[in-house]
There are 4 protein chains.
Amino acid sequence: MIKAGIIGATGYAGGELVRLLLSHKDAEIKWYGSKSYINKNYYEVYQNFFEIVPDKCMDDNLDELSEIVDVIFTATPQGYCSSLLCSKILSNCKIIDLSADFRMKDTEVYEKWYGIKHKSPDLIQEAVYGLCEINRKQIKDTRIVANPGCYPTCTTLSLYPLVKEGIIDVNTIITDAKSGTSGAGRSTKTDNLFCEVNENIKAYGVTDHRHTPEIEEQLSYAAGQNVTINFTPHLVPMNRGILTTSYASLKKETSYEEVREVYEKYYKDEFFIRVLDRDVYPQTKWVSGSNFVDVNFKIDHRTNRIVVLGAMDNLVKGAAGQAVQNMNIMFGLEETSGLKHVPMFP
Amino acid sequence: MIKAGIIGATGYAGGELVRLLLSHKDAEIKWYGSKSYINKNYYEVYQNFFEIVPDKCMDDNLDELSEIVDVIFTATPQGYCSSLLCSKILSNCKIIDLSADFRMKDTEVYEKWYGIKHKSPDLIQEAVYGLCEINRKQIKDTRIVANPGCYPTCTTLSLYPLVKEGIIDVNTIITDAKSGTSGAGRSTKTDNLFCEVNENIKAYGVTDHRHTPEIEEQLSYAAGQNVTINFTPHLVPMNRGILTTSYASLKKETSYEEVREVYEKYYKDEFFIRVLDRDVYPQTKWVSGSNFVDVNFKIDHRTNRIVVLGAMDNLVKGAAGQAVQNMNIMFGLEETSGLKHVPMFP
Amino acid sequence: MIKAGIIGATGYAGGELVRLLLSHKDAEIKWYGSKSYINKNYYEVYQNFFEIVPDKCMDDNLDELSEIVDVIFTATPQGYCSSLLCSKILSNCKIIDLSADFRMKDTEVYEKWYGIKHKSPDLIQEAVYGLCEINRKQIKDTRIVANPGCYPTCTTLSLYPLVKEGIIDVNTIITDAKSGTSGAGRSTKTDNLFCEVNENIKAYGVTDHRHTPEIEEQLSYAAGQNVTINFTPHLVPMNRGILTTSYASLKKETSYEEVREVYEKYYKDEFFIRVLDRDVYPQTKWVSGSNFVDVNFKIDHRTNRIVVLGAMDNLVKGAAGQAVQNMNIMFGLEETSGLKHVPMFP
Amino acid sequence: MIKAGIIGATGYAGGELVRLLLSHKDAEIKWYGSKSYINKNYYEVYQNFFEIVPDKCMDDNLDELSEIVDVIFTATPQGYCSSLLCSKILSNCKIIDLSADFRMKDTEVYEKWYGIKHKSPDLIQEAVYGLCEINRKQIKDTRIVANPGCYPTCTTLSLYPLVKEGIIDVNTIITDAKSGTSGAGRSTKTDNLFCEVNENIKAYGVTDHRHTPEIEEQLSYAAGQNVTINFTPHLVPMNRGILTTSYASLKKETSYEEVREVYEKYYKDEFFIRVLDRDVYPQTKWVSGSNFVDVNFKIDHRTNRIVVLGAMDNLVKGAAGQAVQNMNIMFGLEETSGLKHVPMFP
């Protein structure tokens, strides 16, 4: 039985980690860390866990925690994990960090887009970017997983085969993304109030959203060259779900079958990536509550561009689910263990 | 392994049965009945089941089906099950009917409120009303379970201890209920269109909703006398969830502790009924996707009335979940088997 | 041209006052008071007013303001208006207070339910409760209008004819109310976040909501006797709209026509109160953005109770619209002036 | 007083025409055409008009209607208007067609994208594309206005200055559009049910939506060359609103100020087009219920692309509002007459 601790257990991603780990047969939660609610019953913060979780919220003590668990999930703001992580902690347990701290290899890029100094640059090389389907092998052997951002997961997975196989001109990529509001977290800002989000749609972070360099770095690895993209996220009046609509020019005229084959090559055996039937486009509700990413594409022969669509649950495959998938890989468990939830519709 | 067939598998309750049975370790679905979609892949109707359910939709053939399965769930319109059920079928397999056909013992009441002639009145006596927490023993031994309606489940369970113990004057009961829109089914009526439901709330079936006599019959059994209530359902712009707010006069001045004790007496050991902490009131989101019913109450000493609140997921405890719970009881399985889904929030 | 000032112009009710006064041919806004946004362009707080309102937000200076305007609307928290109002201000201009400060004649009741000491009890007698259809005459001559609460407006107007005419037993009244989230204001609490409200319904203020004594006082005047009610509000995932469902026992058997006649007697000539056709029940979307209150009822002969439904837009008739209606009456304008907005559907 | 008739008065766009014309001081509705509801009170179809519209629904008789009104609005399916319109009708009154029948000059394009034969190709040349801000002069003198589609209005207006002034490479334009569900009309399809739309987002009409050639034709006129674009609409869980996010490559490095100046040149004096302040991006809620289009842009210097955002109410500027604006122009009224509704927030 893997003993897990969660720092930041009372955010939305933290709560989802709890939901998923509770149904995981080989893991148990030993620490519900939440600085804001210390000593409060965890279920009082999230009453869905009433009579299910008897534990109290604990302080965010990474050192103490590392001595009693096998793995720590840090579902914390940027800068938290990197400012506390050290070799002593890493000698005690594994770390799966849901923040951006270890996602980018270049600290300059991190510091520019996030506006914070990186406190443990020495650990960056060791960290593995936890996009499971792509980096499975390296994840297996690392002590630090940088759990990918929600948008990067959906964008990168849906474009990866096209980029890797050189089907598209990588410098024409434009990703227009739409997210449910849980992606904005549980902090109390006017912008996240029901009346401001409901019956409304807006773009935000236009040209400067922090997930841009993360996507670019991953696509660059796949392309073997520098990739620069346009990325625009939008806030949608729903709780969960991300849909990415990506556009790119095809390098040459290409048929449906050729592209389909490329997707099959990479994803045929991937349990969590479903390439939908021809002319069926992903909808966020079809993956709600599950760790699936649904993907499909359409070629526009008039413009010789391809439109690529990806949908997933931002709190599952986009955060807590992928974190558990990473844990499974790191500990040699069945990769789908605790993650076979059937999507809930409607 | 229990072999299950579903008639009406492409309605919302049918889809939820599929979701729940897929995660049930002792049951497997052998028949996805759907007259409207015969020979179509089931996942094409509900793409959340893509790469999960490979089966095609089958005709609604109850006879043929009864020979190959152990239990049939009929998630069909009123009148369907009662018009086809016969002793031959019942000698082959057990029936869990999600319609109203076998819920009321008095065919006159059924025929008056539903406006259809009952086609198999001889089977009514044998049928057991499948409100699991109340009728567990009889369910164990029957071949026909009448799976309770969504509103009656929430209303009856939340009021039961008060009625059974004579705490309230049963002829003062008023239940004001609120339901998500999946309760209206997947039929294409103008009233169920997104733009008609969204940003709107309305009452419907005022004084004449069909669940009224069903609730009254069950409360009458508990009270040992005839109970007549006021019941008003409302349509709420959300997919899932029922909240019932019931009002009744206390027979005499009663303290919080006395009432609490009554609830503990009946529900302390019930896994699926959670009596919340004092001053915490049920919210539908806290039970979403799960088989829980959350219950609480508050005494208004100014009026000597009690306000009783109940919340559940109308598609789970209000339909498919309770149906699976009934199956578990009928086949001697662990009652919670396949039903321990943690509620999903947000 | 009436010169109006608004204190609290950046709350939701304040914003709605601005929307309504902008289309009022006989009024102009001279002061957008908002302590939190002093010197900021008003349209930067609410971009719907971009290129429409060029003014900046001003401080909440009641004294100074009273010298330059004819009427002040205070859309402020409880306690604000009563702590600053004085005869000097009242000699300069009229006051329409959207808070609860002057709604109840008994300061003890106010202080008990609101938990604050009343700072100007001497002005309470002069204040008139601005339920326009009921108190039109007194409103005409007062300097202080206590603009009614949202729930009390809908509840009282829908029950008034029955209470006034002695049709119902007033001590059996139970009101189950449902409100959109704008009623909770624009303050940043976790409970008001999109993800907490969306796909959810809950009761709050069970047995102790502050609008209870306000409704009771008004119904008591109508009844000529003390009225005590049960009142339970619920939070619904929509921006605007209140629906009240009230239940009461009929004093004697009464026909539809008799009750209908009572409603016609009081409301036939009321522009803003629409008694719907038989068997058509109010929906909040049908009054959205307008000053209408839609009302209807159904008699349940089985229980000899009547179910009374009322729907209105909580920000219009429940706040800003009724405030403008009061202004119209106080200044001798056409009562419907600036308030003939056709409801917006969908 | 202009006498107006509406064919298709019971669709969502028809209902919005009624709402707007009711508040128009120089127009009155003489005919509520609705084949499906002949002889039914109009308010029974849309209860928001209860006690406001006393008229009954009439048959869709274009000939008869043309003799009693000055203008006919056809808010009907494609093919209706073109199959009935003739010179006799046009000698009696003016036509504002909200369908696509007269939007494209090339019948081949129409027939290919809409899959119907055009029945009155001879009238196409006379028809003017009613994008008011661009074609004001020609609208003034025509008898037939082809009222633009919702997506084309928002897309074209937001891109027009850039295309007209040659700022962007027109063959790099990609428009990713998001619409509320009222755009799908009031027809009863499973896809439009509340439970299918709520908590969901999806793309549809990928690469082949019918508004594509309409946008391309208008942008081609502006560019003075053939323009081919990528256009992908998405369905968003809200009633009203369209947001378009367009991407294009700048022909050369361009500063914010240069682009801003171009927008000012075209739109500074346009009442209904609001170019927002720098770094403020359009939100659909800010224009809800109004005839405004909010526009803004951001240059991405990393990719030398520009991101252009437009937001409007699909039922107002995207349908009924622009139709009334066209009427105003055709009849020499103040262009903003009856259209100065302040947007409703929240």
Side-chain angles (χ1 to χ4, degrees), chain A residues 171-180 193-208 212 216 228-232 234-243 245 247 249 279 281-286 288 296-303 305-307 309 311 344-346, chain D residues 171-180 193-208 212 216 228-232 234-243 245 247 249 279 281-286 288 296-303 305-307 309 311 344-346:
Chain A
N171 286 314
T172 63
I173 297 174
I174 289 169
T175 295
D176 189 286
K178 298 91 183 167
S179 175
L193 291 177
F194 181 83
C195 288
E196 312 281 321
V197 174
N198 188 40
E199 277 294 291
N200 199 6
I201 182 165
K202 66 169 179 183
Y204 65 99
V206 182
T207 77
D208 55 16
T212 311
E216 289 177 345
T228 312
I229 68 163
N230 264 97
F231 174 71
T232 315
H234 296 76
L235 189 69
V236 179
M238 56 186 195
N239 286 357
R240 286 168 180 250
I242 275 184
L243 183 75
T245 313
Y247 303 86
S249 295
D279 292 331
Y281 300 106
Q283 303 192 10
T284 56
K285 202 77 195 72
W286 293 343
S288 183
N296 215 344
F297 65 90
K298 175 112 181 224
I299 296 166
D300 188 354
H301 295 290
R302 299 164 67 247
T303 59
R305 288 198 196 97
I306 189 167
V307 186
L309 294 136
M344 198 163 95
F345 183 95
Chain D
N171 286 314
T172 63
I173 297 174
I174 290 170
T175 295
D176 189 287
K178 298 91 182 166
S179 175
L193 291 178
F194 181 84
C195 289
E196 311 282 320
V197 174
N198 188 41
E199 277 294 291
N200 199 6
I201 182 166
K202 66 168 179 183
Y204 65 100
V206 183
T207 77
D208 55 16
T212 312
E216 289 177 345
T228 311
I229 68 164
N230 264 97
F231 174 72
T232 314
H234 297 76
L235 189 70
V236 179
M238 57 186 194
N239 287 355
R240 287 168 178 249
I242 275 183
L243 183 76
T245 312
Y247 304 85
S249 295
D279 291 331
Y281 300 106
Q283 303 191 10
T284 57
K285 200 79 195 74
W286 293 342
S288 183
N296 215 344
F297 66 90
K298 176 114 181 222
I299 295 166
D300 188 354
H301 295 291
R302 300 164 67 249
T303 59
R305 289 198 195 97
I306 189 167
V307 186
L309 293 136
M344 198 163 96
F345 183 95

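By convention in this document, chain letters (A, B, ...) are assigned in the order of the sequence lines, proteins followed by strands, and residues within each chain are numbered from 1. Below, each value reflects all heavy atoms present in this structure, side chains not excepted, and no hydrogens, waters or symmetry copies. These figures come from a predicted structure and were not determined experimentally.
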Portion of [X] that has a non-hydrogen atom of chain D nearer than 4.5 angstrom:
X: A:Ser179; result: neither
X: A:Ile299; result: backbone
X: A:Ile229; result: backbone
X: A:Asn171; result: backbone
X: A:Tyr204; result: neither
X: A:Val206; result: both
X: A:Ile173; result: backbone
X: A:Ile174; result: side chain

Discussion item. Regarding D:Tyr247 and A:Thr232, do their side chains bring together a donor and an acceptor under 3.5 Å, going by distance alone?
Written reply: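 Per modelled atom types, D:Tyr247 and A:Thr232 side chains form a pair under 3.5 Å.
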Worksheet item: Going by atom types only, do D:Thr245 and A:His234 share a side-chain donor-acceptor pair under 3.5 Å?
Response: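 There is such a pair (donor and acceptor under 3.5 Å, judged by atom type) between the side chains of D:Thr245 and A:His234.
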Practice prompt. Please name all residues satisfying ring pair (Phe, Tyr, Trp, His ring centres under 6.0 Å) with A:Phe297, sequence neighbours left out, ordered by chain then number.
Written response: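 For A:Phe297 the ring pair (Phe, Tyr, Trp, His ring centres under 6.0 Å) partners, ignoring immediate neighbours, are A:Tyr256, A:Tyr263.
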Fill in: Largest heavy-atom contact set with chain D, pairs under 4.5 Å, which of A:Asp208, A:Asn239, A:Val236
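Counting heavy-atom pairs under 4.5 Å, the top option is A:Asn239.
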Practice prompt. Tell me, out of A:Leu235, A:Ile242, A:Asp279, A:Thr228, who's got the most heavy-atom pairs with chain D below 4.5 Å.
Written response: A:Thr228
Discussion item. Is it the case that the side chain of A:Glu199 and the backbone of D:Lys285 share a donor-acceptor pair, with hydrogens and angles ignored and the cut-off at 3.5 Å?
Written reply: no
Fill in: Proximal component of D:Pro282, with respect to chain A [non-hydrogen, under 4.5 Å]
backbone
